[in-house]
Amino acid sequence: METRTLLVLCVLCDLCGLWKGMGMPDDLVGELKKLIIETLKLEEITPEDIVDDGRLFGDGLGLDSIDALELVVALEKTYGVVIPDSEVGERVFRSVHTLAEFVREQRSAISRPPAAKE
Amino acid sequence: MKFDEIEIKVRFNEVDSWGMVWHGHYIAWFEVGRMALLEKFHLLPQDFTQMGYVAPVVDLKCLFKEPARVAEEILIRTSVLKPTKAALTFCCQILRKKDGKLLASGEETQVLLTLDGRMLYMIPQDLRERLQPLFRYFEEPDAAA
């Protein structure tokens, strides 16, 4: 396969969110798993125990509403992202995967320069 | 830690058949102390509702150290921790007045919800301003100390 073809494939995979599906490492997902474990002092859990698409709350990892509050503070401190309430939280905290997507979106929105006024 | 303090007397209906205060009443006393404190700062449940919030209890801890008995005078002490997240945590102590013996201590945590049940992950500015005098009170040195 030509270099150019490979490059195009890589870009497409990244755009389509297939990065994880191809078994490639995702630093942010790993970072977030560590952040969850450290913030909530989940001493008996390792990052490998947390499934990327597994539920974080309820019958998944078993987190509760107080855990969500702790995580929101840690996420704001670490990544500068804001999760204002449970309406957003229910979507974002569905899994580590959805959390990583949210952090990526928010960070790119923060770093994006405001549109110039006409 | 600075505490707000009120006094009660153990009633006959609060003791069990062993003559000791039934364990659930200590939790009710925590509530008595918390309400007395919040009333001073106009932060009673109805004040929260007027602002558009409710604050349900999500965590409650109590350590029982020694029993209170009928007709004893009891001190209920209440304090509040400066929040590090969108929750209010109150610390409570129950003491026997005559010897100052600590009978029970605990903690109670409340989260914030809008009236339609949305849980807040950050303390809204209007509520933050209303809570400020309460936190300031506990930061100030105790005049009696």
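Keep in mind that what you see is a predicted model, and the values were worked out from it rather than measured. Letters A, B, ... are given to chains in the order of the sequence lines, protein chains preceding strands, and every chain is numbered from 1.
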Let me see the donor-acceptor pairs closer than 3.5 Å between chain A and chain B, or none if nothing turns up.
| unit_1 | atom_1 | unit_2 | atom_2 | d |
| --- | --- | --- | --- | --- |
| A:Glu70 | OE2 | B:Lys85 | NZ | 3.1 |
| A:Pro84 | O | B:Tyr121 | N | 2.9 |
| A:Asp85 | OD2 | B:Arg118 | NH1 | 2.5 |
| A:Ser86 | N | B:Met119 | O | 2.8 |
| A:Ser86 | OG | B:Met119 | N | 2.8 |

Using the rule that two of Ile, Leu, Val, Met, Phe, Trp, Tyr join whenever any of their side-chain heavy atoms come within less than 4.5 Å, decide whether A:Ile66 and A:Leu75 are in one cluster.
yes

Applying ring-ring contact (aromatic ring centres under 6.0 Å, His included) as the test, list every pair that has at least one member in residues 72-117 of chain B; sequence neighbours left out.
none

Run the ring pair (Phe, Tyr, Trp, His ring centres under 6.0 Å) test against A:Phe57 and tell me which residues pass, sequence neighbours left out.
A:Phe93

Spell out, yes or no, whether B:Leu120 and A:Val73 are grouped together once hydrophobic residues are joined by side-chain heavy atoms under 4.5 Å, including indirect joins.
no

Kindly give the heavy-atom pair with the smallest separation between B:Ala86 and A:Leu69, and that separation in Å.
O-CD1, 3.3 Å

Which Ile, Leu, Val, Met, Phe, Trp or Tyr residues join B:Phe3 in one cluster when any pair of side-chain heavy atoms under 4.5 Å counts as a link?
B:Met1, B:Leu81

Quick check on the hydrophobic clustering: are B:Met51 and B:Met122 connected, directly or via other members, by side-chain heavy-atom contacts under 4.5 Å?
no

